[in-house]
Amino acid sequence: MNFASINLPKFGSAVRDWRRLRRISQEGLGELIGQSQRHISFIENARTRPSSMTIKRIVQALGMSARDGNRLLNLAGYADELEEIESVSTKMPSELLDFSSLLIRGGGRIPRQFPTCIAER
């Protein structure tokens with residue numbers, strides 16, 4: 001482990017910012033991850049370095065992306081442990097991509113063989 005890479009004050013601030021963004025109290029976050037409000041306070045004030053498992057629980061509880069979760073892990077001195085999910089466009093069959101192109105262009109009649117599916121990003 002490279003102790004020079006540990007930046008607990010920035011880590012604690014990032015956890016606090018994400019928690020506030022999600023409008024969750026320290027007590028609420030503690031309940032979600034099985035820790036006390038006091039422990040969350042210690043994390044946010046850089047008084048303790050949580051385990052990577054605790055950080056992963058925080059990431060999940062706050063609904064963070066894998067990329068943002070890995071940034072948190074890095075600030076606490078851990079390596080990336082969370083995998084990015086492939087983007088939807090790389091998994092879509094070509095027929096569905098053609099259908100999305102039709103929707104985006106707003107052109108013409110949509111062929112009957114395309115199932116309709118609208119997703120919010």
Side-chain angles (χ1 to χ4, degrees):
M1 173 184 348
N2 182 356
F3 287 103
S5 66
I6 297 174
N7 195 333
L8 289 182
K10 281 188 179 180
F11 170 79
S13 293
V15 171
R16 180 182 298 113
D17 292 344
W18 274 98
R19 180 181 57 75
R20 288 179 176 169
L21 180 69
R22 299 294 193 235
R23 297 183 179 169
I24 298 174
S25 66
Q26 286 181 342
E27 184 177 5
L29 180 58
E31 288 175 10
L32 289 171
I33 67 167
Q35 299 289 332
S36 68
Q37 176 274 325
R38 185 176 185 188
H39 188 68
I40 301 301
S41 174
F42 279 18
I43 290 170
E44 290 182 359
N45 291 304
R47 292 182 63 187
T48 188
R49 178 176 176 243
S51 68
S52 64
M53 181 57 70
T54 298
I55 296 171
K56 288 188 267 186
R57 287 181 184 141
I58 290 171
V59 168
Q60 183 179 18
L62 296 177
M64 297 170 67
S65 69
R67 177 179 295 157
D68 290 325
N70 282 327
R71 286 183 189 139
L72 271 188
L73 285 163
N74 295 158
L75 286 173
Y78 297 105
D80 291 355
E81 294 184 27
L82 305 171
E83 292 184 29
E84 294 287 334
I85 298 173
E86 288 183 49
S87 71
V88 174
S89 63
T90 61
K91 292 180 160 184
M92 276 194 214
S94 61
E95 295 84 14
L96 191 53
L97 287 172
D98 292 341
F99 174 70
S100 356
S101 297
L102 282 173
L103 282 176
I104 292 167
R105 286 188 313 228
R109 198 170 137 247
I110 297 172
R112 196 175 258 186
Q113 74 261 25
F114 292 114
T116 302
C117 172
I118 299 175
E120 182 179 335
R121 283 187 139 211

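- No side-chain heavy atom of Gln35 sits under 4.5 Å from any side-chain heavy atom of Phe42.
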Test side-chain contact (heavy atoms from CB on, under 4.5 Å) applied to Asp80 and Leu73, step by step = CA-CA 7 Å; Asp80 291 355; Leu73 285 163; 5.7 Å; no
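- Within the model, atoms CD1 of Ile33 and CD1 of Ile43 stand 5.5 Å from one another, a figure rounded to the nearest 0.5 Å.
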Which donor-acceptor pairs under 3.5 Å do the side chains of residues 11-18 make with protein atoms, sequence neighbours left out?
from	atom 1	to	atom 2	distance (Å)
Ser13	OG	Pro9	O	3.1
Arg16	NH2	Glu44	O	3.0
Arg16	NH2	Asn45	OD1	3.1

Can you give each donor-acceptor pair under 3.5 Å made by side-chain atoms of residues 55-66, sequence neighbours left out, with the distance rounded to 0.1 Å?
from	atom 1	to	atom 2	distance (Å)
Lys56	NZ	Glu81	OE1	2.7
Ser65	OG	Asp68	N	3.1
Ser65	OG	Asp68	OD2	3.2

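- Enclosure of atom CZ in Arg22 by more than 12 non-hydrogen atoms of other residues, nucleotides or ligands within 6.0 angstrom is indicated.
- One finds the CG atom of Leu32 at 11.5 Å from the CZ atom of Arg19 (value rounded to the nearest 0.5 Å).
- A distance of 5.0 Å separates OG1 in Thr54 from NE2 in His39, rounded to the nearest 0.5 Å.
- Partners of Glu31 according to the side-chain contact (heavy atoms from CB on, under 4.5 Å) rule, which considers only residues two or more places apart in sequence or in another chain, are Glu27.
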